Engineer: 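The structure follows.
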Amino acid sequence: MVKEGMGLGEAEGLVAAIFKVPSPTAKRWVNATVARYRVEIDAAVRTTVIDLLEAAPWNPEAEKWDVRMPSVFIRERIADSLERLDLPDPVPAQRGSL
């Protein structure tokens with residue numbers, strides 16, 4: 001689910017519903033799975049981010065790139081990476097994307 005772009009919170013809710021377990025148990029399962037399959041998830045996320053950035057159009061009026069990130073998980077990963085760089089924070093668009 002995460003590899004396909006579902007956010008961790010969404011995955012936790014879905015796991016809890018499917019397996020009829022409490023939220024803390026679902027959260028542990030999702031976190032353990034993400035940790036175990038980190039390499040596979042990172043490769044899929046990296047490919048998705050590259051595709052999104054290459055497809056981003058330049059907005060000359062605002063003098064910035066418009067990048068559409070439909071996945072919460074992808075947005076979280078990009079935000080985590082940007083925090084470590086000396087770059088301006090992304091600005092949310094009016095339609096919910098960054």
Side-chain angles (χ1 to χ4, degrees):
M1 294 178 288
V2 172
K3 187 174 177 181
E4 293 301 317
M6 182 179 281
L8 292 180
E10 295 169 311
E12 292 163 7
L14 185 58
V15 167
I18 289 173
F19 296 105
K20 309 265 189 270
V21 296
S23 293
T25 301
K27 185 174 185 168
R28 264 194 325 276
W29 289 359
V30 169
N31 287 336
T33 303
V34 169
R36 182 174 181 158
Y37 296 101
R38 172 69 72 196
V39 173
E40 291 88 350
I41 291 171
D42 283 347
V45 168
R46 189 175 306 112
T47 300
T48 301
V49 169
I50 288 169
D51 292 344
L52 289 171
L53 294 176
E54 286 179 347
W58 174 253
N59 183 336
E61 294 173 7
E63 294 186 347
K64 58 184 165 187
W65 296 96
D66 288 329
V67 182
R68 303 288 174 212
M69 292 178 268
S71 162
V72 173
F73 184 71
I74 299 293
R75 279 184 260 171
E76 290 169 355
R77 295 295 298 272
I78 290 175
D80 289 343
S81 296
L82 288 175
E83 283 180 10
R84 290 181 242 131
L85 300 173
D86 186 28
L87 296 171
D89 291 334
V91 178
Q94 305 232 339
R95 292 179 291 275
S97 296
L98 290 177

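Everything numeric here is computed off the predicted structure, so don't read it as measured data.
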Engineer: Only counting residues at least two apart or in another chain, list the ones meeting salt bridge (Lys or Arg N to Asp or Glu O under 4.0 Å) with Arg84.
Structural biologist: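 None.
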Engineer: Using every non-hydrogen atom in the two residues, find where Arg68 and Leu52 come nearest and quote the distance to one decimal.
Structural biologist: O-CD2, 3.0 Å
Engineer: Return the set of residues passing side chain to side chain contact (heavy atoms under 4.5 Å, CB included) with Pro22 (not counting sequence neighbours), or none when no residue passes.
Structural biologist: Pro24, Thr25
Engineer: Supply the atom-to-atom distance Ile41 CD1 to Arg38 CZ, rounded to the nearest 0.5 angstrom.
Structural biologist: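 These two atoms lie 6.5 Å from each other.
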Engineer: In terms of hydrophobic clustering (I, L, V, M, F, W, Y; side-chain heavy atoms under 4.5 Å; direct or indirect links), are Ile50 and Val39 co-clustered?
Structural biologist: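 In one cluster with Ile50: Val39, no.
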Engineer: Under a single-linkage definition using a 4.5 Å side-chain heavy-atom cutoff for Ile, Leu, Val, Met, Phe, Trp and Tyr, are Leu85 and Val67 assigned to the same hydrophobic cluster?
Structural biologist: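 Yes; Val67 is reachable from Leu85 via cluster members.
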Engineer: Locate the shortest heavy-atom distance separating Ala26 from Val15; write the atom from each residue and the value.
Structural biologist: CB-CG1, 3.9 Å
Engineer: Answer yes if Trp58 and Leu53 sit in the same cluster of Ile, Leu, Val, Met, Phe, Trp and Tyr residues linked by side chain heavy atoms under 4.5 Å apart, and no otherwise.
Structural biologist: yes
